[in-house]
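Take a look at the structure set out below.
So you know, we letter chains A, B, ... as the sequences are listed, proteins then strands, and number each from 1.
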Amino acid sequence: MSNPEPSVMQKIVSLSKRRGFIFQSSEIYGGMNGCWDYGPLGVELKRNVKEAWWADMVSRHDDIGVLPGAQSSFEMTGLDCSIIMHPQVWRCSGHHDLFHDMMVDCKESKKRYRHDQLRGRWAEYRDKKVFVTAMADPEEEDEAFTARAQKFFGLRAKDRDQIKWDGSACSLETIDELELVLGPDAKDAGTLTEPREFNLMFKTQMGALHNDDSMAYLRPETAQGIFVNFKNVVDSSRVKIPFGIAQVGKSFRNEITPRNFTFRVREFEQMEVEFFCHPDTSQDWYSYWRDRRMNWYLNHGLSSENLILREHHSDELSHYSTGTADIEYAFPFLPEGEYGELEGIAHRGDFDLRSHMEGKLDPNSKPLEVQLGENGKPLWKGSGKDLSYRDPVSNEKFIPHVIEPSAGADRAALAFLCEAYTEDNAPDDKGEMQSRVVLKFHPRLAPMKAAVLPLVKKDGMPEKAQEIYRELKRKFPVFYDVKGAVGRRYRRMDEAGTPFCVTVDGETLSDETVTLRERDSMVQTRLKVDEAMQAIQEAIDC
RNA sequence: GCGGGUGUAGCUUAGUGGUAAAGCCCCAGCCUUCCAAGCUGGUCAUGUGGGUUCGAUUCCCAUCACCCGCUCCA
């Protein structure tokens, strides 16, 4: 049984494990569906992604100057909030209603239905009784039930009126005898499963005693923590609109189908900005963030051939949003021409702040109004706190609009890993070309920035190399390796994505020069140790 | 959630109802003055749990994980 050539994705997964980028979670116990761990090199890669993002969005941000493409200067600040928040946060955010359904599956048709949306009616013919269901509009449902029952009982159209109907149409929720239920797309009765709770939010218990009051959720996104702290940040930090609040952290979603390595997982890390601005300027800020975020990926090495900016069509948008764009990458596990989302940039209007003020807004209302429950009161009460903003100069009071660039840290790390994976050819010691695996990471993202290698393990070279290693290590992550032929060590570093090798030879001992070998081109340059360090630092900083 | 496939060392593979094989990697030496496969030695494996059997890595069942397709994707 000879297998075909492994796919690029299989090679990346294999390399990830072999070199310590990404491991299956809990592997010694057989693994955990959709969970992955970052190994020694992977943790550096992902940290570099997050740190580059944080530096570019927050710590290095120029609060005073006007950045290219921006209409004015703006401030950026950060936040780190708890993963478990007040359950009302998720009711007002809309996650509770959207993520929380009772579902039934049909074993015959393999279709899945919302338990509360499935309606039917009891029908009887001769000795057979069945609860026929159908997916139909209320005006047409009686006709649909009749058609389903007629087919089930094997009757002709003219014999329809022989079907006896018992009671009026009702929701499946009122029916206990599932074995007598005919599914909307089934031929036989009794193919529907018991209703099962379908909850995309992770539930947990707050406190050691478990009861209904102690139920809490693990956050499904970091964004809500920013919205609920909006007033705190404004009151404590002297920021003025426009400004952004950034946060990096873990989020949890019970994805139905974890798939594709670390792309779709249940525990993941987000890098989100909520950018608050005046409603009149929000469209320009939306365009600004969309373009800036796209360029961020391009500047860190993703090829423009593999990256697209996809603007959502107007019919895809929540109507309160006036723009949403996805930054998508052509991951190797996807079919040709398909892309997977790295980041979404959404214009969210004032939906979130108002929902946390007034109560959950009905996303289908226009203009936005608080969603009411059956008793005519708000379905989910808001905080009642005033989350509007008063401009200190104009004295205008308004609820800011929000632009939300929301990125996946794991997805970004995976995209950079996939983009970096390259097979090319390099000469061996006899000058014959051999295949080479090299990870062409941007130096800023590479787990190790350089390796320090004594050319041979004698004549004082190891001692000198260790000295240089300690000097460089104060500035950035460096690896020391003395084992085996130097060519072998170069290849090992190529496979780990280390952009530079500093090689110590006989000359180093007398004149403090080394060779600096560049990973992608394999070009070597003879430099002073200080110059080599500077060259590496410049490559990282760019 | 459904259907199909796969699961043997860190990786890639071989093989068998009766002692599990190899290459690469890795480790310890030796050799080596700039791009992997010179020498010697060494570590390490049948996903998990049952069943059949004198004996199971092999056959059967279940389970877990991964891959492909469907479904889902705020």
Mind checking if [X] touches a base, just sugar-phosphate, or nothing, with heavy atoms under 4.0 Å?
| X | result |
| --- | --- |
| T257(A) | base |
| R259(A) | base |
| R517(A) | base |

Looking at K17(A), does any N or O in its side chain come under 4.0 Å of the phosphate oxygens OP1/OP2 on C11(B)?
yes
Nearest-neighbour nucleotide for the R264(A) side chain, C11(B), C72(B), C35(B) considered:
C72(B)
So which pairs with a foot in residues 244-269 of chain A pass ring-ring contact (aromatic ring centres under 6.0 Å, His included), sequence neighbours left out?
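Non-adjacent pairs meeting ring-ring contact (aromatic ring centres under 6.0 Å, His included): W36(A)-F261(A), F202(A)-F252(A), F263(A)-F331(A), F263(A)-F333(A).
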Partners passing salt bridge (charged side-chain N to carboxylate O under 4.0 Å, His left out) against R293(A) (at least two apart in sequence or in another chain):
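Residues passing salt bridge (charged side-chain N to carboxylate O under 4.0 Å, His left out) with R293(A): E343(A).
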Partners passing salt bridge (charged side-chain N to carboxylate O under 4.0 Å, His left out) against E518(A) (at least two apart in sequence or in another chain):
none
Show the distances under 3.5 angstrom between N or O atoms of the protein and N or O atoms of nucleotides 62-66 of chain B.
residue	atom	partner	partner atom	Å
C64(B)	O2'	G30(A)	O	3.2
A65(B)	OP1	N33(A)	N	3.2
A65(B)	O4'	G30(A)	O	3.1
A65(B)	O2'	Q24(A)	OE1	3.1
C66(B)	OP1	G34(A)	N	2.9
C66(B)	OP2	N33(A)	ND2	2.8

In this structure, which stretches of RNA chain B are paired as stems of three or more consecutive Watson-Crick or G-U pairs, both distances less than 3.5 Å?
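When the pairs of RNA chain B are grouped into runs of at least three, the stems are B:1-7 with B:64-70, B:10-13 with B:21-24, B:26-30 with B:38-42, B:47-51 with B:59-63.
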Atom pairs under 3.5 Å: protein N/O with N/O of nucleotides 22-25 of chain B:
residue	atom	partner	partner atom	Å
C25(B)	OP1	R488(A)	NH1	2.9

Whole-angstrom distance between U13(B) and A20(B), as gauged at atom C1':
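After rounding to an integer number of Å, I get 14 Å for this pair.
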